[in-house]
Peer 1: 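Could you have a look at this structure, given as structure tokens, before my questions?
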Amino acid sequence: MHKNIGIRKEEDLILLLNSKTFGQLSNNGKYIIREIFNHICETSIIKCEKVEEFIKPDFRISVDNVIHYVSMKSGRSETVHQEYVKNFCLYLREQGISNRTLQTILLYQYGDGTLDGSGKERMSYNRLRLLLTDRIKEANEELNKDKEFVIRVIDRAVFKGTLSENQEADYVYHGDADYGILVSKTQLMKHCQRRDWKWMDNLHIGPIQLRPHARYIGKPIKRENSRQRLEFYWAKYSEDLDYISKRYDG
């Protein structure tokens, strides 16, 4: 079985870093380690290991028994997280979000006029947006009025995942073994605290747009699970990480 390109790039980066001294690293390797560990000597040995559990961090890096966890993305995909839409709605209910907003999310997810995907006709994106314009605007106001709630959702989508016991990532890295952008959780959260996204008219929480993984408009449903999955989409994610890495201290 062929490995997907993302897994290969993770493995390349781990090989680049693991069991090397700082002095042996490439320029990009030195950039990563210097950003994470700050003060480091040429002879310090780096350990880098794959995190096998299905959680946000993809690998751990340690120097002198100090460990940090890194989530890696490569390629052009701007989807930062997926989960089943009804699980996310349960989470939102626990956070005090109204039933009306939860229903708007489900109507937008399924696109067939129902809250469970049982409708006969799945509408086009443009028609659905027109029908739900007022409800999406109302939902966006509720979902974005509390900045601390927005930060919790970003943490769930980017660093932590869905389970409270999960090991969370300390950093996100976008790129490959040759070049990438590294941003700490501290930097990214500073950015999100200081910005707002009121101009966005798509269904969103902060910079993250909520959208279905698949609607199967005008064609048979191949995988029902795909209809049930909600994508967390951060437009221009790599560009934002590049800006954050230069603008904020870690």
Peer 1: Answer yes or no: is there a donor N or O on one side and an acceptor on the other, between the side chain of Lys147 and the main chain of Cys192, under 3.5 Å?
Peer 2: yes
Peer 1: Among Lys185, Lys56, Arg156, whose salt bridge (Lys or Arg N to Asp or Glu O under 4.0 Å) with Glu168 holds?
Peer 2: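 Between Glu168 and the candidates, salt bridge (Lys or Arg N to Asp or Glu O under 4.0 Å) is satisfied uniquely by Lys185.
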Peer 1: Decide yes or no on side-chain contact (heavy atoms from CB on, under 4.5 Å) for Ile181 and Ile244, but give the supporting numbers first.
Peer 2: CA-CA 10 Å; Ile181 302 161; Ile244 293 166; over 6 Å; no
Peer 1: Tell me which donor-acceptor pairs under 3.5 Å the side chains of residues 122-138 have, and how far apart each pair is, sequence neighbours excluded?
Peer 2:
unit_1 : atom_1 : unit_2 : atom_2 : d
Arg122 : NE     : Arg215 : O      : 3.0
Arg122 : NE     : Tyr216 : O      : 2.8
Arg122 : NH2    : Tyr216 : O      : 2.9
Arg122 : NH2    : Lys219 : O      : 2.7
Ser124 : OG     : Arg127 : N      : 3.2
Tyr125 : OH     : Arg129 : NH1    : 2.8
Tyr125 : OH     : Asn202 : OD1    : 3.2
Arg127 : NH1    : Glu121 : OE2    : 2.8
Arg129 : NH1    : Asn202 : OD1    : 2.7
Thr133 : OG1    : Arg129 : O      : 2.6
Thr133 : OG1    : Leu130 : O      : 3.3
Arg135 : NE     : Thr104 : OG1    : 2.9
Arg135 : NH2    : Arg100 : O      : 3.0
Arg135 : NH2    : Thr104 : OG1    : 3.1
Glu138 : OE1    : Arg100 : NE     : 3.1
Glu138 : OE2    : Arg100 : NE     : 2.8

Peer 1: How many angstroms lie between atom CD1 of Ile32 and atom CE of Met72, to the nearest 0.5 angstrom?
Peer 2: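 Reported value, rounded in 0.5 Å steps: 8.0 Å.
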Peer 1: Tell me if a side-chain donor or acceptor on Tyr91 pairs with a main-chain N or O of Lys86 at a distance below 3.5 Å.
Peer 2: no
Peer 1: If you define the side chain from C-beta out and look only at heavy atoms, does anything of Asn99 sit under 4.5 Å from Arg93?
Peer 2: yes
Peer 1: Could you give the distance from CD (Glu142) to CD1 (Ile205), rounded to the nearest 0.5 Å?
Peer 2: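 Output value for this atom pair is 10.0 Å.
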Peer 1: Measure the spacing between OG of Ser245 and OH of Tyr171 and express it to the nearest 0.5 Å.
Peer 2: 13.0 Å
Peer 1: Give a yes or no answer on whether the side chain of Asp146 reaches the backbone of Glu148 with a donor-acceptor pair at less than 3.5 Å.
Peer 2: yes
Peer 1: Evaluate side-chain contact (heavy atoms from CB on, under 4.5 Å) for His81 paired with Ile208, printing each intermediate quantity in order.
Peer 2: CA-CA 10 Å; His81 179 65; Ile208 296 176; over 6 Å; no
Peer 1: Cluster question for you: counting only ILVMFWY and a side-chain heavy-atom cut-off of under 4.5 Å, with indirect links fine, are Leu163 and Val153 together?
Peer 2: no
Peer 1: Is there a donor-acceptor contact under 3.5 Å from the side chain of Asp58 to the main chain of Ser71?
Peer 2: no
Peer 1: Without hydrogens or angle criteria, can the side chains of Gln187 and Glu35 be said to hold a donor-acceptor pair below 3.5 Å?
Peer 2: no
Peer 1: Please find the pair of heavy atoms, one from Gly175 and one from Ser74, that lie closest to each other, and give the distance.
Peer 2: O-CB, 3.3 Å
Peer 1: Could you tell me if the side chain of Leu13 sits less than 4.5 Å from the side chain of Phe59, heavy atoms only?
Peer 2: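 In short, these two side chains touch, coming nearer than 4.5 Å.
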Peer 1: For Leu203 versus Ala139, what's the shortest heavy-atom pair and its separation?
Peer 2: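 Heavy atoms only, the tightest pair is CD1-CB, 4.0 Å.
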Peer 1: Under a plain distance cut-off of 3.5 Å, with no hydrogens placed, do Asp116 and Thr114 share a side-chain donor-acceptor pair?
Peer 2: yes
Peer 1: For the side-chain hydrogen bond (donor to acceptor under 3.5 Å, both in side chains) test, which of Gln209, His213, Gln109 pairs with Glu231?
Peer 2: His213
Peer 1: May I have the step-by-step check of side chain to side chain donor-acceptor pair (under 3.5 Å) for Glu78 and Tyr233, ending in yes or no?
Peer 2: CA-CA 6 Å; Glu78 295 176 323; Tyr233 177 81; 2.8 Å; yes
Peer 1: Is there a path of hydrophobic side-chain contacts, each under 4.5 Å between heavy atoms of I/L/V/M/F/W/Y residues, joining Ile67 to Val51?
Peer 2: yes
Peer 1: Look only at the side chain of Lys160 and the backbone of Asn166, and say whether a donor-acceptor pair between them is shorter than 3.5 Å.
Peer 2: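 Indeed, once roles are kept as given, a pair shorter than 3.5 Å links the two residues.
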Peer 1: Going by atom types only, do Trp197 and Asn144 share a side-chain donor-acceptor pair under 3.5 Å?
Peer 2: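 No pair is found: no donor N or O on one side chain lies under 3.5 Å from an acceptor on the other.
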Peer 1: What is the distance from atom OG1 of Thr79 to atom CD of Gln82, rounded to the nearest 0.5 Å?
Peer 2: 6.5 Å
Peer 1: Determine whether the side chains of Thr162 and Glu83 contain a donor N or O and an acceptor N or O closer than 3.5 Å.
Peer 2: no
Peer 1: I'd like to check Val172 versus Leu241 (side-chain heavy atoms, cut-off strictly below 4.5 Å). Are they in contact?
Peer 2: yes
Peer 1: Between Phe149 and Ile154, is there a side-chain heavy-atom distance shorter than 4.5 Å?
Peer 2: no
Peer 1: Should the pair Arg60 and Tyr69 be classed as cation-pi, given the thresholds of under 6.0 Å to the six-membered ring centre and 45° from the axis?
Peer 2: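 Not flagged: Arg60 not positioned over aromatic ring of Tyr69.
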Peer 1: So which heavy atom on Phe22 is nearest to which on Lys30, and how close?
Peer 2: O-CE, 3.3 Å
Peer 1: If every non-hydrogen atom of Ile14 is compared with every non-hydrogen atom of Cys48, which pair is closest and at what distance?
Peer 2: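 Heavy atoms only, the tightest pair is CG2-O, 3.3 Å.
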Peer 1: Would Lys9 and Asp178 pass as an ion pair if we require N to O under 4.0 Å?
Peer 2: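 The answer is no: the pair does not qualify as a salt bridge.
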Peer 1: If Ile, Leu, Val, Met, Phe, Trp and Tyr residues are connected whenever their side-chain heavy atoms lie under 4.5 Å apart, and connections chain through other members, are Ile55 and Tyr173 in the same group?
Peer 2: no
Peer 1: Atom OG of Ser184 and atom NE2 of His68: how far apart are they, to the nearest 0.5 Å?
Peer 2: 10.0 Å
Peer 1: Can you confirm whether more than 12 heavy atoms, excluding those of Lys236, are under 6.0 Å from its NZ atom?
Peer 2: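 Not buried by this count: 12 neighbours or fewer within 6.0 Å.
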Peer 1: Dump the intermediate steps for side-chain contact (heavy atoms from CB on, under 4.5 Å) on Ser118 and Asp112, then the final yes or no.
Peer 2: CA-CA 7 Å; Ser118 61; Asp112 61 5; 5.5 Å; no
Peer 1: Could you check whether any side-chain heavy atom of Arg229 comes within less than 4.5 Å of a side-chain heavy atom of Val85, counting everything from C-beta outward?
Peer 2: no
Peer 1: Quick check: do Ile46 and Asn18 have side-chain heavy atoms less than 4.5 Å from each other?
Peer 2: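 They are not in side-chain contact.
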Peer 1: Which donor-acceptor pairs under 3.5 Å do side chains of residues 36-45 form with protein atoms, sequence neighbours excluded?
Peer 2:
unit_1 : atom_1 : unit_2 : atom_2 : d
Ser44  : OG     : Cys41  : O      : 3.4

Peer 1: Rounded to the nearest 0.5 Å, how far does CD of Gln95 lie from CG of Leu90?
Peer 2: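 Result: 12.0 Å between the selected atoms.
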Peer 1: Could you check whether Tyr84 and Gln228, counting side-chain N and O atoms only, form a donor-acceptor pair closer than 3.5 Å?
Peer 2: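 Result is no, nothing qualifies.
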Peer 1: For the residue pair Leu16 and Ser26, establish whether any side-chain heavy-atom pair is separated by less than 4.5 Å.
Peer 2: yes
Peer 1: Specify the closest pair of heavy atoms between Trp234 and Asp240, including all atoms of both residues, with the distance to one decimal.
Peer 2: NE1-OD2, 2.8 Å
Peer 1: If you define the side chain from C-beta out and look only at heavy atoms, does anything of Leu210 sit under 4.5 Å from Tyr108?
Peer 2: no
Peer 1: Examine Leu230 and Tyr110 and state if one hydrophobic cluster contains both, with Ile, Leu, Val, Met, Phe, Trp and Tyr joined whenever side-chain heavy atoms are less than 4.5 Å apart.
Peer 2: yes
Peer 1: Using a strict 4.0 Å threshold on nitrogen-to-oxygen distance, state whether Asp242 and Lys246 make a salt bridge.
Peer 2: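 Salt bridge: yes.
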Peer 1: With a 6.0 Å cut-off on ring centres, are Phe88 and Phe232 close enough?
Peer 2: yes
Peer 1: List the steps, then state whether side-chain contact (heavy atoms from CB on, under 4.5 Å) holds for Val80 with Tyr237.
Peer 2: CA-CA 9 Å; Val80 296; Tyr237 185 56; 3.9 Å; yes
Peer 1: Identify whether Tyr248 and Val158 are in the same connected component of the hydrophobic contact network (ILVMFWY, side-chain heavy atoms under 4.5 Å).
Peer 2: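 Both belong to a single hydrophobic cluster.
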